[in-house]
Amino acid sequence: MRTSPDTIRVVFSNFALEGAGDPGRRSDYYHLLRSLDPHLIGRAEVRGVTATEEHLFAIEDALTPPGQPHLRPRSILGGRAVADLRTAVLVRPDVFRPVRRSDPQPPGSPWGCPPTTVDLRLTAHPAARRELVFTVAHHHYASPPARRLEAQELTKCADRRDPADRTTAFPNGRPREALIVLDANSYPEPGVPGDTPPPAPDDIEDRSHVAHRFHLTEDGDLVPDTASDRILRTAGIEDIARHLALGTGRTDVLAPADGYPDQAGPCRVDRAYGTPGLLSAVEDFHVVETTGLSDHPLLLISLSHQRLAEVLTP
């Protein structure tokens, strides 16, 4: 009989070489991803999906360990954006049981990429009847106002309540626990030691990028866009890397994506956020280097299976 893992591994993958590009590079990327033995994956950039089922089956095949078909993940694809860009979730059914889709409605410009949200229950813990809301999102790349609206919509992940799980403190039901992974296309609020600060506008050669990542104040000053980070943390959905860095002094968890030189280089656009109960189950967090394979690192979040079961048990 197979036993449940002690540690649940969640991976955020922001990889755009889908359906086109270098097949060898794509194969190497999936080999790296499979080597992490993920139980839950959030994909921020699935491109070129014309034959949806065929494409998803190929991804599932690539992530299934040889000779272990029972470890094949199940794919759930988000809505199509104008630029043929989608988000997706891959779930190992021996660890999580998808209950329902509950995608937020993406506000703002149609150029935005719809998020994918799946409500999950732990397969091996029937008593853990509370649901984990797992969302993978890809913020609008060119519009600070759109990102603000999208972040505001994502706060609903922590606002949704389970009326069957009422407590004295929450008579209309406790909020569900949430884990959000996203390409924020914007900056985290600066000030954490070891984090990459936002660049100065004058250091960015790509002037359109300045318009994409900064907003103008009434005085005419250009201010880095950190609204998404601040909105999510205001809602009690904390940046997991920031939480660990402040709590342990670790700076490796704050490693940024390389970025492009004409856009001022490294930036921590790829982030993971969790509600308080989810944070209590975090055992570790790693930024996995993908040099030569992708322009974004992988984020690996390790969760205590037992602690998460306790959090999700009414």
Side-chain angles (χ1 to χ4, degrees), residues 10-16 18 38 40-49 52 55-56 59 73-91 96 98-120 131-161 175-186 188 212 225 227-240 257 268-275 278 296 298-299 301:
V10 184
V11 174
F12 177 49
S13 163
N14 195 358
F15 179 63
E18 292 288 1
L40 183 61
I41 301 171
R43 292 288 311 276
E45 294 189 0
V46 180
R47 292 182 185 271
V49 184
T52 303
H55 190 87
L56 290 178
I59 295 174
R74 172 185 171 186
S75 299
I76 302 166
L77 189 64
R80 189 187 300 273
V82 172
D84 195 17
L85 178 68
R86 299 189 185 198
T87 55
V89 170
L90 290 95
V91 185
F96 287 107
V99 177
R100 70 181 66 82
R101 290 284 294 273
S102 52
D103 300 348
Q105 294 300 312
S109 166
W111 288 97
C113 183
T116 302
T117 296
V118 184
D119 298 346
L120 302 168
E131 293 159 6
L132 174 65
V133 181
F134 181 63
T135 296
V136 54
H138 191 287
H139 275 346
H140 197 296
Y141 86 96
S143 173
R147 289 193 294 266
R148 179 183 290 272
L149 289 172
E150 289 169 347
Q152 201 70 46
E153 192 72 20
L154 289 176
T155 64
K156 293 181 181 178
C157 293
D159 182 56
R160 294 172 52 225
R161 299 169 185 272
R176 289 177 171 88
E177 298 294 338
L179 173 60
I180 299 171
V181 293
L182 80 160
D183 179 344
N185 271 324
S186 55
H212 298 166
D225 178 24
S228 177
D229 180 57
R230 289 185 287 106
I231 287 169
L232 290 171
R233 291 192 296 106
T234 296
I237 313 172
E238 184 57 70
D239 177 351
I240 296 176
R268 193 164 65 89
V269 295
D270 301 309
R271 301 196 288 274
Y273 291 82
T275 48
L278 186 283
H296 291 264
L298 294 164
L299 302 185
I301 306 138

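- We find the SG-CD1 distance between Cys157 and Ile237 to be 6.0 Å, quoted to the nearest 0.5 Å.
- Partner of Phe12 under the side-chain contact (heavy atoms from CB on, under 4.5 Å) criterion, out of Ile41, Val136, Leu298: Val136 alone.
- Taking CD of Glu153 as the start and OG1 of Thr135 as the end, the distance is 10.5 Å to the nearest 0.5 Å.
- Residues Pro38 and Val11 share a closest heavy-atom pair of CB-CG2, 3.8 Å.
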### Message
Please evaluate residues Phe96 and Val118 with respect to the criterion side chain to side chain contact (heavy atoms under 4.5 Å, CB included), reporting the C-alpha separation (whole Å), side-chain torsions for both, the decisive distance (0.1 Å), and the verdict.
### Response
CA-CA 10 Å; Phe96 287 107; Val118 184; over 6 Å; no
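- By the side chain to side chain donor-acceptor pair (under 3.5 Å) test, Thr155 is found to be paired with no residue, residues two or more places apart in sequence or in another chain being considered.
- The two residues Leu232 and Leu154 make their nearest non-hydrogen contact at CD2-CB, 4.0 Å.
- Nearest heavy atoms, Arg86 versus Gly79: CG-O, 3.5 Å.
- Of all non-hydrogen atoms in Ala272 and Leu299, the two that sit nearest each other are N-CD1, 4.2 Å.
- For the pair His212/Asn185, no side-chain contact is recorded, criterion being any heavy-atom separation below 4.5 Å from C-beta on.
- Here Arg43 contributes atom CZ and Ile76 contributes atom CD1; the two are 14.0 Å apart, rounded to the nearest 0.5 Å.
- With sequence neighbours left out, Arg147 forms a salt bridge (Lys or Arg N to Asp or Glu O under 4.0 Å) with Asp225.
- Atom-to-atom distance recorded for Glu150:CD and His138:NE2 is 10.0 Å, nearest 0.5 angstrom.
- Atom CZ of Arg233 sits in a crowded spot, with more than 12 heavy atoms from other residues, nucleotides or ligands closer than 6.0 Å.
- Distance check, rounded to the nearest 0.5 Å: CG of Asn14 to CZ of Arg271 gives 12.0 Å.
- In terms of heavy-atom proximity, Ala88 sits nearest to Val46 at CB-CG2, 3.9 Å.
- Using a 4.5 Å cut-off on side-chain heavy atoms (C-beta onward), Val10 and Phe134 make contact.
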#### Entry: Trace of the side chain to side chain contact (heavy atoms under 4.5 Å, CB included) decision for Tyr141 with Asp183
CA-CA 9 Å; Tyr141 86 96; Asp183 179 344; over 6 Å; no
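- Atom CG of Leu40 sits about 7.5 Å away from atom CG of Leu132, to the nearest 0.5 Å.
- For Arg176 (side chain) and Arg161 (main-chain N/O), a donor-acceptor pair under 3.5 Å exists by modelled atom type.
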### Task
Given side chain to side chain contact (heavy atoms under 4.5 Å, CB included), test His140 with Ser186 step by step and report yes or no.
CA-CA 9 Å; His140 197 296; Ser186 55; over 6 Å; no
### Task
Begin from the C-alpha positions of Leu278 and Tyr273 and carry the test side chain to side chain contact (heavy atoms under 4.5 Å, CB included) through to its verdict.
CA-CA 9 Å; Leu278 186 283; Tyr273 291 82; over 6 Å; no
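- Heavy atoms only, all atoms of each residue included: Ala158 and Thr275 are closest at CB-CG2, 3.9 Å.
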### Message
salt bridge (charged side-chain N to carboxylate O under 4.0 Å, His left out), that's the test. Do Asp239 and Arg268 meet it? Break it down for me.
### Response
CA-CA 11 Å; Asp239 177 351; Arg268 193 164 65 89; 2.9 Å; yes
